Amino acid sequence: MPEQKMPYIRVTKNGPYLLFGASKISEKIILTDENGISVKYGNGKTFIIRADPVALCRCGRTANAPFCDGSHATSAYDGTETASFTNVMEQPSATAIKGPKQTLLDNENYCAFARFCDRGGRIWNLVMRGDTAADRLAAAEANLCPAGRLLMFTNSGESLETKSQPSVHTIEDGGLKISGPLWIRGGIRVESESGRSYEVRQKQTLCRCGASMNKPFCNGAHASLRWKAKTA
């Protein structure tokens with residue numbers, strides 16, 4: 001059998017994402033507890049891909065989400081990329097919080113508003129406690145962050161990030177009843193419209209609502225808009 005190529009995504013000028021080398025997109029649903037705190041992901045729909053590449057909406061106006069239906073062309077969508085090509089945790093907006101045993105790296109510009117970081121007293125407080133239970137929960141919360149905004153390391157420099165196989169997902173927020181970003185995992189490369197690649201990371205989230213101020217990446221704008229994707 002021929003070796004399967006690694007998927008990658010290309011951003012087009014004021015248009016959709018082109019996804020190469022993928023056979024499906026699956027939906028992940030943020031599930032919350034009785035207090036509205038995000039606790040885990042559930043599985044939703046599966047979208048089979050029948051073209052390579054396939055065009056995925058990033059303007060937020062398609063009626064056939066997650067696929068592009070050409071709405072960007074009639075909506076004066078401005079998809080200008082504003083994200084930095086500097087590695088996410090080396091940007092001026094990134095901060096390091098060093099606890100007794102673990103260090104949390106945080107770049108708020110990449111927040112996808114999934115809210116897994118709120119459980120157990122919030123990850124920024126947990127990392128400062130230094131006890132085993134808090135450290136484990138902090139690492140788990142960082143791994144549930146879909147955007148890679150939060151990364152956890154031991155103070156000796158060992159990454160606590162879980163590695164995954166390449167996959168592409170849409171996020172639906174079961175707690176807020178809204179739609180979220182495109183979630184890419186497992187080192188999928190994102191190529192700018194200029195042809196330059198952004199940092200390859202284990203997990204990233206790409207804007208689908210069209211309103212991010214950090215395009216092509218999600219910055220949580222969908223939550224303030226209460227954006228809901230339209231499907232055929």
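Keep in mind that this is a model prediction, so the values were computed, not measured.
- Side-chain atoms of His169 and Arg185, non-hydrogen and from C-beta on, do get closer than 4.5 Å to each other.
- Within the 4.5 Å cutoff, side-chain heavy atoms of Cys218 are placed close to those of His222.
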**Request:** Please step through side-chain hydrogen bond (donor to acceptor under 3.5 Å, both in side chains) for the pair Gln102 and Thr154, ending with a clear verdict.
**Result:** CA-CA 4 Å; Gln102 297 182 163; Thr154 66; over 6 Å; no

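- The two residues Thr205 and Ala112 come nearest to each other via the heavy atoms OG1-CB, 3.7 Å.
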**Request:** Determine, step by step, whether Phe85 and Arg196 satisfy the side-chain contact (heavy atoms from CB on, under 4.5 Å) criterion, reporting the C-alpha distance in whole Å, the side-chain angles of both residues, the deciding distance to 0.1 Å, and the verdict.
**Result:** CA-CA 8 Å; Phe85 288 99; Arg196 184 176 178 183; 3.5 Å; yes

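- Put simply, the side chain of Lys45 does not reach to within 4.5 Å of the side chain of Ser26, judged on heavy atoms.
- Looking only at side-chain heavy atoms (C-beta outward), Ile9 and Leu206 come within less than 4.5 Å of each other.
- Here Leu151 contributes atom CG and Asp106 contributes atom CG; the two are 9.0 Å apart, rounded to the nearest 0.5 Å.
- Legend: residues meeting side-chain contact (heavy atoms from CB on, under 4.5 Å) with Ile37, ordered by chain and number and at least two apart, are Asp33, Asn35, Asp118, Arg119.
- The heavy-atom pair separating Pro16 from His72 by the smallest distance is CD-CE1, 3.8 Å.
- Between the side chains of Asp78 and Thr80, at least one donor-acceptor pair of N or O atoms lies under 3.5 Å.
- Using modelled atom types, one finds no donor on one side chain facing an acceptor on the other under 3.5 Å when comparing Asn214 with Ser212.
- Inter-residue side-chain proximity for Arg226 and Leu176 is flagged as met; some heavy-atom pair is nearer than 4.5 Å.
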**Asked** Under the side-chain contact (heavy atoms from CB on, under 4.5 Å) criterion, do Thr231 and Asn64 qualify, and how do the steps go?
**Response** CA-CA 4 Å; Thr231 56; Asn64 189 32; 5.9 Å; no

**Request:** Using the side-chain contact (heavy atoms from CB on, under 4.5 Å) rule, take Trp124 and Cys117 through it: C-alpha gap first, then chi angles, then the decisive distance, then the call.
**Result:** CA-CA 8 Å; Trp124 300 271; Cys117 50; 3.5 Å; yes

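- Counted by atom type alone, Lys28 and Asn43 present one or more donor-acceptor pairs between their side chains at under 3.5 Å.
- With values rounded to the nearest 0.5 angstrom, Cys145 atom SG is found 9.5 Å from Glu161 atom CD.
- Contact record, Val190 with Pro216: CG1-CG, 4.5 Å, taken as the closest heavy-atom pair.
- The main-chain N or O of Gly148 is never found under 3.5 Å from a side-chain atom of Lys203 such that the two would form a donor-acceptor pair.
- Side-chain atoms of Asn219 never come within 3.5 Å of backbone atoms of Asn109 as a donor-acceptor pair (strictly under, hydrogens ignored).
- Screening Ile97, Leu104, Leu144 against Leu150 for a side-chain contact (heavy atoms from CB on, under 4.5 Å) leaves a single residue, Leu104.
- Here the shortest heavy-atom pairing between Met152 and Val127 reads SD-CG2, 4.0 Å.
- Ion pairing of Arg115 with Asp173 is present here, as a side-chain N (NZ or NE/NH1/NH2) and a carboxylate O approach within less than 4.0 Å.
- Ring planes of Tyr198 and Phe217: perpendicular class, angle over 60° (limits at 30 and 60°).
- With sequence neighbours excluded, the residues forming a side-chain contact (heavy atoms from CB on, under 4.5 Å) with Lys40 are Leu31, listed by chain and number.
- Between Tyr17 and Val11, some side-chain heavy-atom pair lies under the 4.5 Å cut-off.
- For the atom pair CD1 of Ile29 and CD of Glu27, the computed distance is 5.0 Å after rounding to the nearest 0.5 Å.
- Side-chain heavy-atom separations under 4.5 angstrom define the hydrophobic clusters, and the remaining members of the one that includes Leu126 are Leu137.
- Side chains of Asn155 and Thr103: a donor-acceptor N/O pair is present below 3.5 angstrom, by distance only.
- Of the charged side-chain nitrogens involved, none lies within less than 4.0 Å of a carboxylate oxygen, so that Arg58 and Glu81 do not count as a salt-bridged pair.
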**Message:** One pair to check against side-chain contact (heavy atoms from CB on, under 4.5 Å): Met89 and Arg201. What are the steps and the verdict?
**Reply:** CA-CA 11 Å; Met89 293 305 172; Arg201 310 181 74 210; 4.1 Å; yes

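- The shortest side-chain heavy-atom distance between Leu18 and Val54 does not fall under the 4.5 Å cut-off.
- Judged by distance alone, with hydrogens and angles left aside, the side-chain atoms of Thr82 form a donor-acceptor pair with the main-chain N or O of Lys215 at under 3.5 Å.
- Between Trp183 and Gln204, the shortest heavy-atom contact is CD1-O, 3.4 Å.
- Interatomic distance, Glu199 CD to Glu90 CD, rounded to the nearest 0.5 Å: 7.0 Å.
- Across all non-hydrogen atoms, the minimal contact from Asp69 to Ala63 is OD2-N, 2.9 Å.
- Separation of atoms CZ (Arg50) and OG (Ser23) is listed at 11.0 Å; rounding is to 0.5 Å.
- Within 6.0 Å of the OH atom in Tyr110, the count of heavy atoms belonging to other residues, nucleotides or ligands exceeds 12.
- The side-chain heavy atoms of Pro166 and Pro7, taken from C-beta on, include a pair separated by under 4.5 Å.
- Ser179 and Glu172 are linked by a side-chain donor-acceptor pair at a separation below 3.5 angstrom, with hydrogens and angles left out of the test.
- There is a side-chain donor-acceptor pair under 3.5 Å between Asn107 and Gln91.
- Taking the charged nitrogens against the carboxylate oxygens, Arg189 and Glu191 do have a contact shorter than 4.0 Å, which makes a salt bridge.
- A distance of 4.5 Å separates OG in Ser159 from CZ in Phe153, rounded to the nearest 0.5 Å.
- Classified by interplanar angle (parallel below 30°, tilted 30° to 60°, perpendicular above 60°), the ring pair Phe20/Tyr8 is parallel.
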